[in-house]
S.K.: 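Before we start, here is the structure in question, set down as structure tokens.
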Amino acid sequence: MSRAPMSDDLFDTIVSLSKQRGFIVQSSEIYGGLSATYDYGPLGVELKRNVKDEWWQSMVYQNDDIVGLDAAIMMHPKTWDASGHTEAFNDPLIDDKASGNRYRADTLIEDYIRDLREDGQEERAAEVHERLVEALNAGEEMNDALHQIIMDEEIPAPESGAFDWTEVRQFNLMFETQMGPVDGQKVFLRPETAQGIFVNFHNAREPARQHIPFGVAQIGKAFRNEIVARQFVFRMREFEQMEMQYFVKPGEELDWYEQWKERRMKWHQSLGIDPASLRFHEHEQLSHYANAAVDIQFDFPIGWKEVEGIHSRTDYDLKRHEEYSGKKMSYYDPWAEERYTPYVVETSVGLDRTIFMLLCDAYYEEEVKGDTRSVLQFHPKVAPVRAAIFPLMDKEGLPDIARDIENDLNQHFNVLYDERGSMGKRYRRQDEAGTPFCITVDFDTLDDQQVTVRDRDTMEQDRVAIDQLATYIFDRTKNWERRDT
RNA sequence: GCGGGAGUAGCUCAGUGGUAGAGCAUCAGCUUCCCAAGCUGAAGGUCGCGGGUUCGAUCCCCGUCUCCCGCUCCA
């Protein structure tokens with residue numbers, strides 16, 4: 001088996017296959033579509049559910065020290081003041097008319113100050129810095145104040161060198177909505193799920209009788225008004241995250257960080273992803289709240305891109321919530337008899353990106369007797385349909401036997417019955433949907449109570465007793481190995 | 001958001017100032033029966049949406065929406 005050469009076309013192929021087969025389609029398509037929002041079709045929703053289940057099992061069920069949570073999408077507005085999103089997700093941006101490039105007005109000035117310092121102009125730098133601080137605290141006047149600094153200092157655009165700026169405009173990356181039908185209070189749709197975990201630190205820990213170290217896992221939607229939201233489901237305005245916050249004793253966070261880094265990489269590989277298409281990417285610049293951060297990247301058709309982030313978030317979030325809520329967010333260790341604010345190691349994976357990764361990684365084409373066979377080589381445990389069941393012909397009660405098998409196997413996993421078209425055609429249909437096993441009831445079945453199970457990856461067939469089918473499929477799923485890595 | 005390109009059947013695409021086709025896919029019938037065979041037929045499109053020019057617009061012009069490629073950030 002050799003993989004047909006594919007290059008830039010893979011992206012387009014995945015997008016059109018997604019639509020044609022019902023994995024992912026653009027939202028509100030009949031009205032012309034809604035930018036950067038997508039719907040999951042019949043196959044897509046199964047794939048998504050399976051990936052969520054895999055994650056939840058690996059986090060919550062397979063770890064004594066991790067519990068689950070499902071927090072509301074809407075949270076008290078103060079949450080976002082505490083988390084820093086009100087500030088950080090509110091960027092003053094300015095465009096260079098010459099190059100069309102966009103910059104953050106405040107970092108533009110910061111870079112300028114740094115240049116002054118490197119140039120030995122300490123006094124000047126301090127002056128501008130003072131004005132910058134003033135501007136940032138000017139409330140509604142901030143944008144004008146920033147603009148004025150750029151004008152007064154005649155700061156040129158970094159790339160073009162031009163001095164031809166637009167006004168400074170505010171970009172709010174958080175979605176706002178109203179809570180209450182009349183004069184509702186302004187609330188936000190959460191831009192990340194993590195804060196739901198932090199504010200519930202005690203509510204999750206105490207009833208579950210957990211002690212440090214322990215973790216809280218959550219799967220849920222988050223919303224961001226991305227300035228540039230494109231590239232299929234890679235960057236959406238409404239997206240789903242699978243996050244786990246692991247609370248540890250201060251000083252131990254980097255050990256846990258290393259451990260979770262490795263465990264998360266193994267998880268992606270356990271989905272059947274080609275290890276050669278996965279890598280770590282260390283952050284060069286750390287967020288103000290992190291003391292270590294790494295991405296797990298996948299080699300998408302659009303380049304190496306981040307699928308998951310693992311961050312050592314220090315005690316920033318809990319400390320901030322303690323400050324803003326006035327509630328104690330620390331932990332008392334009854335054995336060591338000491339009180340401290342835990343540090344947090346975060347693993348945050350994009351569900352939609354994981355789906356996209358699976359589609360890209362699984363897809364291949366090969367030549368079979370002069371025809372092209374398109375296959376989605378999903379790991380059987382995440383495949384939308386685990387097994388398809390075919391009667392060889394619509395004769396001698398073969399469909400009845402096939403239906404019986406369907407009703408038996410659908411107790412365990414998603415299956416699909418199909419009696420239309422030739423055998424070859426039915427096999428190929430399932431190959432493109434990523435169905436790992438096809439079960440065929442033939443005339444011999446009437447005598448020996450056995451059926452043919454055809455393997456998606458090798459196209460080889462096994463003869464299996466009907467009453468052993470479920471066991472056989474579970475076994476093959478467990479021992480599945482990716483081909484052609 | 002700015003610059004460049006593009007929107008015609010479920011998918012990939014032809015096409016013309018006089019209201020549209022192909023291949024694949026789908027459905028029905030015949031045939032075949034373990035790897036996309038064949039034949040016949042059917043269904044499916046107000047040519048992204050709105051406006052303008054014109055006797056007449058899918059085609060020309062304007063606006064708008066959406067997608068793709070660049071520019072910042074992230075899951």
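In what follows, chains are A, B, ... by sequence order, proteins preceding strands, each numbered from 1. The model shown is predicted, which means the values in this text are computed figures rather than measured ones.
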S.K.: For B:rC67, take OP1 and OP2 only and decide whether either is under 4.0 Å from a side-chain N or O of A:Gln26.
M.R.: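 Yes, because at least one side-chain N or O of A:Gln26 sits under 4.0 Å from OP1 or OP2 of B:rC67.
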
S.K.: Using a heavy-atom cut-off of under 4.0 Å over every strand shown, decide if A:Glu243 touches base, sugar-phosphate, or nothing.
M.R.: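 Touches nothing.
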
S.K.: Determine the Euclidean distance between corresponding C1' atoms of B:rG45 and B:rG5; express it in Å to zero decimal places.
M.R.: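 That atom pair is separated by 25 Å.
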
S.K.: Is any side-chain N or O of A:Glu306 under 3.5 Å from a base N or O of B:rC74, one able to act as donor and the other as acceptor?
M.R.: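 In this structure, the two groups form no donor-acceptor pair.
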
S.K.: Within the pair A:Lys19 and B:rG10, is there a side-chain N or O less than 4.0 Å away from OP1 or OP2?
M.R.: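 It does not, given that no N or O in the side chain of A:Lys19 lies less than 4.0 Å from OP1 or OP2 of B:rG10.
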
S.K.: Looking at the side chain of A:Arg353, which of B:rA25, B:rC33, B:rC74 is the nearest nucleotide?
M.R.: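 Closest of the options to the side chain of A:Arg353: B:rC74.
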
S.K.: Looking at the base of B:rC33, is there any donor atom on it, or on the side chain of A:Arg426, that sits under 3.5 Å from an acceptor on the other one?
M.R.: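 Counting by modelled atom types and ignoring angles, no donor-acceptor contact under 3.5 Å is found here.
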
S.K.: Quick one: which of B:rA75, B:rG10, B:rA36 gets closest to the side chain of A:Arg428?
M.R.: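 Output: B:rA36.
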
S.K.: Say you pick atom C1' in B:rG44 and the same atom in B:rC39; how far apart are they, in whole Å?
M.R.: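 After rounding to an integer number of Å, I get 22 Å for this pair.
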
S.K.: Decide whether A:Asp462 and A:Tyr472 meet the rule of one side-chain donor and one side-chain acceptor closer than 3.5 Å.
M.R.: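 Yes, A:Tyr472 and A:Asp462 have a side-chain donor paired with an acceptor closer than 3.5 Å.
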
S.K.: Need one value for A:Asp431: base, sugar-phosphate or nothing, where a base atom within 4.0 Å counts as base even if backbone is also close, heavy atoms only.
M.R.: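 Contact class for A:Asp431: none.
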
S.K.: Assuming nearest nucleotide by heavy-atom distance, tell me which of A:Ser348 and A:Ser374 is located more 5' along RNA chain B.
M.R.: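 Counting from the 5' end, the first nearest nucleotide belongs to A:Ser374.
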
S.K.: Hey, is the side chain of A:Ser35 poking within less than 4.0 Å of OP1 or OP2 on B:rC67, counting only N and O atoms?
M.R.: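 Checking B:rC67 against A:Ser35, a side-chain N or O does come within under 4.0 Å of OP1 or OP2.
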
S.K.: So, does A:Asn63 use its side chain to make a donor-acceptor pair with the main chain of A:Ser58 at under 3.5 Å?
M.R.: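 A pair under 3.5 Å: yes.
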
S.K.: Distance between the P atoms of B:rG17 and B:rA57, in whole angstroms?
M.R.: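 About 15 Å, rounded to a whole number of Å.
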
S.K.: Would A:Arg454 and A:Tyr427 count as a cation-pi pair here, with the cationic atom under 6.0 angstrom from the ring centre and within 45° of the axis?
M.R.: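 Yes.
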
S.K.: Does B:rU26 have its OP1 or OP2 closer than 4.0 Å to a side-chain nitrogen or oxygen of A:Arg429?
M.R.: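 Answer yes for this pair, as a side-chain N or O of A:Arg429 is under 4.0 Å from OP1 or OP2.
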
S.K.: Distance check, P atoms only: B:rC49 and B:rU8, in whole angstrom units.
M.R.: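 It comes out at 10 Å once rounded to the nearest Å.
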
S.K.: With a 4.0 Å cut-off on N to O distance, would you call A:Glu282 and A:Lys261 a salt bridge?
M.R.: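 A salt bridge links A:Glu282 with A:Lys261.
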
S.K.: Across all strands shown, which nucleotide pairs with B:rG41 by Watson-Crick or G-U wobble geometry, both distances under 3.5 Å?
M.R.: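 B:rC27 is the nucleotide pairing with B:rG41.
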
S.K.: If you look at every strand shown and take non-hydrogen atoms under 4.0 Å, does A:Gln241 touch a base, only sugar-phosphate, or nothing?
M.R.: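 Sugar-phosphate contact only - A:Gln241 comes under 4.0 Å of backbone atoms but never of a base.
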
S.K.: Take atom P in B:rU46 and the same atom in B:rC61, then report the distance between them in whole Å.
M.R.: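 Roughly 24 Å separates the two P atoms.
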
S.K.: Using the C1' atoms only, state how far B:rG70 lies from B:rU64, rounded to an integer number of Å.
M.R.: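 These two C1' atoms come out 23 Å apart once rounded.
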
S.K.: Select one nucleotide: of B:rG10, B:rA37, B:rC69, the one nearest the side-chain heavy atoms of A:Ser422.
M.R.: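 Ranking B:rG10, B:rA37, B:rC69 by closest atom to the A:Ser422 side chain puts B:rA37 first.
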
S.K.: Expressed in whole Å, how much space separates the P atoms belonging to B:rG38 and B:rA43?
M.R.: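 Their P atoms lie roughly 22 Å apart.
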
S.K.: Under the 6.0 Å and 45° cation-pi test, does A:Lys305 pair with A:Phe300?
M.R.: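 No; the conditions do not both hold, so A:Lys305 does not lie above the ring face of A:Phe300.
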
S.K.: Quantified in whole Å, what is the C1' atom distance between nucleotide B:rC62 and nucleotide B:rC24?
M.R.: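 Comparing C1' positions in B:rC62 and B:rC24 gives a spacing of 37 Å.
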
S.K.: I'd like to know if A:Arg235 reaches the base of B:rC73 with its side chain, counting only an N/O donor and acceptor under 3.5 Å.
M.R.: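 Indeed there is one.
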
S.K.: For A:Tyr427 and B:rA36, say yes or no: do the ring centres fall under 5.5 Å of each other while the ring planes differ by less than 30°?
M.R.: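 It does not: the ring fails the test against the base of B:rA36.
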
S.K.: Report yes if a donor N or O on one partner sits less than 3.5 Å from an acceptor N or O on the other, where the partners are the side chain of A:Arg224 and the base of B:rA75; otherwise report no.
M.R.: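 Yes, the side chain and the base share a sub-3.5 Å donor-acceptor pair.
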
S.K.: Is a side-chain N or O of A:Arg279 found less than 3.5 angstrom from the main chain of A:Asp299, in a donor-acceptor match?
M.R.: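 Side chain of A:Arg279 to backbone of A:Asp299, a donor-acceptor pair under 3.5 Å: no, none is there.
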
S.K.: Is the distance from OP1 or OP2 of B:rC27 to the nearest side-chain N or O of A:Arg420 less than 4.0 Å?
M.R.: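 For B:rC27, OP1 or OP2 has a side-chain N or O of A:Arg420 closer than 4.0 Å.
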
S.K.: RNA chain B: A:Phe239 or A:Thr452, which has the more 5' nearest nucleotide?
M.R.: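 By nearest-heavy-atom nucleotide position, the 5'-most residue is A:Thr452.
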
